[in-house]
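Indexing begins at 1, ligand by ligand and atom by atom, following the structure's order.
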Amino acid sequence: MAKIRIATCSLAGCFGCHMSFLDIDERIAELAELVDFDRSPLTDIKEVDAAGIDIGLVEGGVCNAENVHTLREFRSRCRILVAVGACALSGGVPALRNRIPLEECFAEAYLQGPGIEAPQVPDDPELPLLLDRVYPLHEVVRIDHVLPGCPPPADAFWELLTALLAGREPELAYPLRRFD
Ligand code: SF4
């Protein structure tokens with residue numbers, strides 16, 4: 001039987017959701033029997049298979065142009081797309097910058113902050129442009145499932161994946177539905 005294929009990525013995230021996923025500990029061996037990992041920080045694959053895969057897990061909100069590109073790639077190539085963690089659901093802590101004009105953020109980071117020498121806002125065209133604010137995933141693409149929490153508990157990842165692998169709806173018991 002062909003294995004289920006999973007891709008993961010971190011947009012404007014901190015990789016903490018990926019770490020919590022790895023907190024399923026030895027169950028990762030059980031998972032490895034059932035799934036293959038496609039594009040992910042855990043693999044060296046650079047793009048989601050253009051032929052399409054089964055499940056995409058996305059941590060982090062959308063803060064720059066590259067995030068938009070990656071999220072659209074995941075949406076177009078993953079049959080089921082999951083928003084993982086507070087950042088993906090609502091923008092999370094990075095969205096605190098939404099209250100501050102972008103120019104002020106740049107000035108504080110690159111022009112006036114402590115210890116800055118040769119102040120200059122980076123403008124190399126290779127760098128992705130920041131968006132006007134940090135967006136949750138659902139404001140950019142359609143999302144099929146959500147895992148709340150900062151980060152979601154490892155058992156929530158386990159329930160989500162084992163349910164999807166079994167073809168049933170995930171049921172997050174109350175302790176697995178946290179928002180902190
Ligand atoms: S939800 Fe929390 S743990 Fe996950 S990427 Fe955002 S800040 Fe990190």
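Nearest non-hydrogen protein atom to atom 6 (Fe) of ligand 1 is Cys87 SG, 2.3 Å. Closest to atom 1 (S) of ligand 1, if we only count protein heavy atoms, is Ala86 N, 3.2 Å. Nearest to atom 2 (Fe) of ligand 1 among the protein's heavy atoms is Cys150 SG, 2.3 Å.
Inclusion of Cys14 in the first shell of atom 6 (Fe) of ligand 1 is not supported: no N, O or S atom falls under 2.8 Å.
Put simply, part of Gly149 is less than 4.0 Å from ligand 1, judged by heavy atoms.
Ser40 places no side-chain N or O within 3.5 Å of a backbone atom of Phe37 that could act as its donor or acceptor partner.
Under a 4.0 Å criterion applied to the non-hydrogen atoms of Gly16, ligand 1 contributes the atoms 3 (S). In summary, the atoms of ligand 1 found under 4.0 Å from a heavy atom of Pro151, numbered by their order in the structure, are 3 (S). Counting the atoms of ligand 1 from 1 in the order shown, those under 4.0 Å from a heavy atom of Glu59 are 5 (S).
A side-chain N or O of Thr8 and one of His18 form a donor-acceptor pair less than 3.5 Å apart.
Rounded to the nearest 0.5 Å, atoms CD (Glu59) and CG (Leu11) are 8.0 Å apart.
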Could you please spell out the steps behind the side chain to side chain contact (heavy atoms under 4.5 Å, CB included) verdict for Asp54 and Lys3? CA-CA 10 Å; Asp54 300 293; Lys3 286 184 172 181; over 6 Å; no
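In this structure, Phe157 and Ser20 have side chains that are in contact, with non-hydrogen atoms separated by less than 4.5 Å. The shortest side-chain heavy-atom distance between Leu164 and Ile4 does not fall under the 4.5 Å cut-off.
Relative to the six-membered ring of Phe74, Arg72 misses at least one condition, a distance below 6.0 Å or an angle of at most 45° to the axis.
Among Gly91, Gly13, Ala12, Cys17, the residue whose heavy atom lies closest to atom 4 (Fe) of ligand 1 is Cys17.
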